Amino acid sequence: MKQGTKPSDAAHEVGYGKPPKATRFRKGRSGNPKGRQSGDENLLSVFKRMATKRIKIREGDKSRTITMADAIILQNYRAALQRDQIAMSNILRLAEESGELVDRTDVKQVGRPAIFPVKAKNIKEFLARFGRSPETE
């Protein structure tokens, strides 16, 4: 046993990743007590909460409850029908990002199904698909 150590410390090894018992965090105590409070929201969680919030809208003499995101899209559709250029671009951008403007019958936009690959007749045809030729290989 080292000189100046207590018998209770002899069983506890001190080194890299093994701090002395006196300087360790106490059980149930955080190592970052002034860190982010539990329940604090980040920007994404605030956005999701607001987009899914339900609001009442009136359509003529009827009222119904829809989400905030649905209401915003509905307002953009109504404004686009009134020839609002910004609303039209919003609707077109939303349709493009959601994949609604893809022609599902066009092989160039969608691609060939993985189940039915088209076989090349020879090596020239195969390399031509990738913009190459046998001379460059």
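The structure presented is a predicted model; accordingly, all values stated were derived computationally and were not measured.
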Output the distance between atom [atom1] ([X]) and atom [atom2] ([Y]), rounded to the nearest 0.5 Å.
{"X": "Met88", "Y": "Tyr77", "atom1": "CE", "atom2": "OH", "result": "13.0 Å"}
{"X": "Lys21", "Y": "Arg24", "atom1": "NZ", "atom2": "CZ", "result": "6.0 Å"}
{"X": "Lys53", "Y": "Ile66", "atom1": "NZ", "atom2": "CD1", "result": "13.5 Å"}

[X] vs [Y] side-chain heavy atoms within contact, under 4.5 Å:
{"X": "Arg58", "Y": "Lys62", "answer": "no"}
{"X": "Val14", "Y": "Pro20", "answer": "yes"}
{"X": "Met68", "Y": "Thr52", "answer": "no"}

Where is the tightest heavy-atom contact between [X] and [Y], given as atom of each residue plus distance?
{"X": "Lys124", "Y": "Pro134", "result": "CG-CG, 3.6 Å"}
{"X": "Ala87", "Y": "Ala79", "result": "CB-CB, 3.6 Å"}
{"X": "Ile55", "Y": "Ala71", "result": "CD1-CB, 3.7 Å"}

Linked hydrophobic residues, Leu44 as query - side chain contacts closer than 4.5 Å: none
Partners meeting salt bridge (Lys or Arg N to Asp or Glu O under 4.0 Å) with Arg54 (sequence neighbours left out):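 Counting only residues at least two positions away or on another chain, Arg54 forms no salt bridge (Lys or Arg N to Asp or Glu O under 4.0 Å).
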Glu59 and Leu74: CA distance, side-chain angles, deciding distance, side chain to side chain contact (heavy atoms under 4.5 Å, CB included) verdict: CA-CA 11 Å; Glu59 291 180 328; Leu74 184 63; 3.9 Å; yes
side-chain contact (heavy atoms from CB on, under 4.5 Å), paired with Asn76, selected from Leu94, Ile86, Asn90: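 Going through Leu94, Ile86, Asn90 one by one, the side-chain contact (heavy atoms from CB on, under 4.5 Å) with Asn76 is satisfied by Asn90 alone.
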Distance-only donor-acceptor check, side chains Glu100 and Ser98, under 3.5 Å: no
Under the side-chain hydrogen bond (donor to acceptor under 3.5 Å, both in side chains) test, residues paired with Thr67 that sit two or more places apart: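 Expected list: Asp70.
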Over 12 non-hydrogen atoms of neighbours within 6.0 angstrom of CD in Glu125: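 Yes, CD of Glu125 has more than 12 neighbouring heavy atoms, counting only those of other groups under 6.0 Å.
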Whether over 12 other heavy atoms sit under 6.0 Å from Arg83 CZ: no
Presence of salt bridge, Lys48 and Glu41, under 4.0 angstrom: no
